[in-house]
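Values below: all heavy atoms of this structure, side chains included; hydrogens, waters and symmetry mates excluded.
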Amino acid sequence: MTKDELKAIVCAAIDKRQKDITALGDNIYTEPELGYKEHKTSAKVQAVFDKLGINYTTGWGITGVKGHLKGRTSKRTVAMLGELDALVCRNHPDADEETGAMHCCGHNVQIANLAAIAMAFKDTNAMQYLDGDLVLFAVPAEECIEIDFRNTLRQKGKIKYLGGKEEIIAQGGFDDIDASLQMHVNPTKKTNGEIQVAGSNNGFIAKIIEYKGKAAHAAFSPSEGINALNAAMLGIMAVNALRETFKESDCVRFHPIINSGGDLVNVVPDYVQMESYVRAASVDALKESNTKVNRALKAGADAIGAKCIIKDLPGYLPLFNNKGMSSLLRNNSTKLFAPADVYDGTHSAGSTDMGDVSHLMPVVHAWVGCVHGALHSAQYDLFDRNTAYSKSPKAMAMTIIDLLYDNAAELETILAENTPIMTKKTYLEYMESIK
């Protein structure tokens, strides 16, 4: 069978499975779960694999599921990734009433894409024509939220890192994978959707920041207190005074939230806790800007005699898309989208733990325009279901076929031309250096 014939058969199989694909995406949407807690969503993926007869292992990053399809030969292995978790968006009309969780980043669509490829490749027995294996990896905890909760999991030894892919790297889940693919929804004004096939993203260092002062009656004896909230506010303003020193090319971002800002209005706050990221476009810029931010935060405490304790946590590395894999995805996408709706992206200040994977192997992380409203917002709305559940998995499926067809020739070329930014050893050393 020719490669084009195989692509056509797999795409037709995705069309035949549209009811099942959309039903899974919608079902996950109605039961959103936060990172490292995605037990229901993990069970739904396992149920799909069980029904298809796909062998899989569990326990990757607590809730992750790793399915495996063997090719005609097992020369190389390509992974299709989908993320299990939601995030908190309490104002969205579809948010979970108890947890505030909501799939306003479209990870339910990712899992539906993963399932679409699983169904199509199994229904057509496509693997018999491919010289490599396919891993179908449902991964947890991409949204780096609830940092204090995740740090508690780290302290208990349940995880090592905040992000699901990072945790799986440490567990060895990517050791047998040569290249990885993933899609992500994106806002668009195009009525028939669009796809961004390349681009880059910031990385970040996560932070838990504590200010410790001295309590006193806020009206009767404020002179006897040390106001930790004032120290925090001064620290934030000190960081703001640094902003002009950050290079535009480094795309530095700092955006704290206050988790605890005092208990009683008539007591001088003696404890404040904040969470934040320091984001930047490269590892070097991350280290440099993080040092500046820490110095400024501590200055806020020094100014009024408080104490500032900063716990830096390894966040995500910058994302770099592989040019060869992006080219394959671009060519396949032109069969599904209008030419003007297939384009290379630019740099984004956002972050994803797919960046960590991109430091170890070639990856392509596509942004698929199919939603209205900003990501992570109450206005998020999946309006173009055809693009989300049909065009997107077809583009990814055809790219997988390109990579593994004919002795995995395309993938061999990509691997020969790719020099990993880090080895697993140097990656783990970097992660452990963030303290």
Side-chain angles (χ1 to χ4, degrees), residues 81 83 87 105-107 110 142-144 163 165-166 179-190 193-206 239 242-255 276-293 314-330 333 337 340-371 373-377 392 395 414 417-422 427 430 434:
L81 308 182
E83 294 158 355
L87 50 80
C105 207
H107 292 183
Q110 291 183 10
E142 187 273 339
E143 301 291 351
C144 196
K165 297 184 191 69
E166 297 174 322
S180 296
L181 304 87
Q182 184 177 337
M183 61 78 63
H184 198 292
V185 303
N186 210 35
T188 184
K189 295 181 180 179
K190 300 288 183 69
E194 61 183 353
I195 185 168
Q196 173 184 310
V197 298
S200 57
N201 285 72
N202 271 0
F204 71 88
I205 293 172
V239 176
L242 284 174
R243 293 185 186 275
E244 66 183 21
T245 73
F246 297 137
K247 298 175 184 177
E248 291 185 14
S249 59
D250 288 337
C251 203
V252 177
R253 300 287 190 272
F254 175 73
H255 40 88
S276 190
Y277 301 160
V278 172
R279 301 189 197 248
S282 69
V283 171
D284 287 343
L286 273 175
K287 291 179 178 179
E288 180 181 350
S289 55
N290 190 61
T291 297
K292 289 182 177 181
V293 167
Y316 298 167
L317 292 179
L319 169 70
F320 302 103
N321 275 292
N322 178 267
K323 291 182 179 179
M325 293 178 69
S326 296
S327 178
L328 293 176
L329 180 59
R330 184 185 305 108
S333 297
F337 296 84
D341 297 336
V342 180
Y343 61 96
D344 290 349
T346 56
H347 183 76
S348 167
S351 306
T352 169
D353 58 0
M354 191 64 161
D356 296 66
V357 182
S358 77
H359 277 62
L360 303 178
M361 67 184 67
V363 308
V364 63
H365 183 289
W367 293 89
V368 179
C370 56
V371 304
L375 300 180
H376 298 196
S377 80
S392 177
I414 288 169
E417 295 175 351
N418 182 71
T419 302
I421 302 171
M422 294 180 175
Y427 169 78
Y430 165 78
I434 306 299

Are Gln182 and Val357 packed together at the side-chain level, in the sense that at least one heavy-atom pair is separated by less than 4.5 angstrom? no
Are the side chains of Met354 and Glu142 in touch, meaning some heavy atoms are under 4.5 Å apart? no
When you measure from the side chain of Asp250 to the backbone of Val252, do you find a donor-acceptor pair of N or O atoms at a distance under 3.5 Å? no
Would you check if Pro362 and Lys323 make a side-chain contact, meaning some heavy-atom pair closer than 4.5 Å? no
Which pair of non-hydrogen atoms, one from Phe254 and one from Arg243, has the smallest distance, and what is that distance? O-NH2, 3.3 Å
Shortest non-hydrogen separation from Ala198 to Ser326 and the atoms involved: CB-OG, 3.8 Å
Measuring from Ser348:OG to His365:NE2, what's the distance to the nearest 0.5 Å? 9.5 Å
Distance col, row Ser351:OG vs Phe204:CZ, nearest 0.5 angstrom, shows 5.5 Å
Does any non-hydrogen side-chain atom of His376 lie less than 4.5 Å from one of Glu143? yes
When rounded to the nearest 0.5 Å, the distance separating CD1 of Ile195 from NZ of Lys190 is 12.5 Å
Test side chain to side chain contact (heavy atoms under 4.5 Å, CB included) on Val371 and Asn186 and set out the steps. CA-CA 6 Å; Val371 304; Asn186 210 35; 5.8 Å; no
Min side-chain heavy-atom separation Arg330-Asp344 under 4.5 Å: yes
To the nearest 0.5 Å, what is the distance between CG on Asn321 and CG on Leu329? 9.0 Å
If you compare all heavy atoms of Tyr427 against all heavy atoms of Met422, which two are closest, and at what distance to 0.1 Å? CA-SD, 3.6 Å
Hey, mind stepping through Glu83 and Asp353 against side chain to side chain contact (heavy atoms under 4.5 Å, CB included) and telling me if it holds? CA-CA 11 Å; Glu83 294 158 355; Asp353 58 0; 4.2 Å; yes
Side chains of Cys105 and His184: does their closest heavy-atom pair fall under 4.5 Å? yes
Shortest non-hydrogen contact from Arg279 toward Ala349: CD-O, 3.3 Å
Do side-chain atoms of Asn290 reach the backbone of Val278 as a donor and acceptor pair under 3.5 angstrom? no
Hey, what's the ring geometry for His255 with Tyr277, parallel, tilted or perpendicular (30° and 60° as the breaks)? perpendicular
So CG of Asn201 and CG of Leu317: to nearest 0.5 Å the spacing works out to 12.0 Å
Does a side-chain heavy-atom distance below 4.5 Å link Ile414 with Leu328? yes
Can you see which heavy atom on Val363 is nearest to which on Ser358, and at what distance? CG2-CB, 3.5 Å
Test log, rule side chain to side chain contact (heavy atoms under 4.5 Å, CB included), inputs Lys292 and Phe246: CA-CA 10 Å; Lys292 289 182 177 181; Phe246 297 137; 3.9 Å; yes
Heavy-atom side-chain proximity of Tyr430 to Asp356 below 4.5 angstrom: no
Under a 3.5 Å distance rule, please check whether Asn202 uses its side chain to pair with a backbone N or O of Gly350 as donor and acceptor. no
Under the side-chain hydrogen bond (donor to acceptor under 3.5 Å, both in side chains) rule, collect the residues that match up with Ser200, sequence neighbours excluded. His347
Measure across Val197 and Ser333 and return the closest heavy-atom pair with its distance rounded to 0.1 Å. CG1-OG, 4.2 Å
Would you give the length of the straight line joining atom CE of Met183 to atom CH2 of Trp367, rounded to the nearest 0.5 angstrom? 10.0 Å
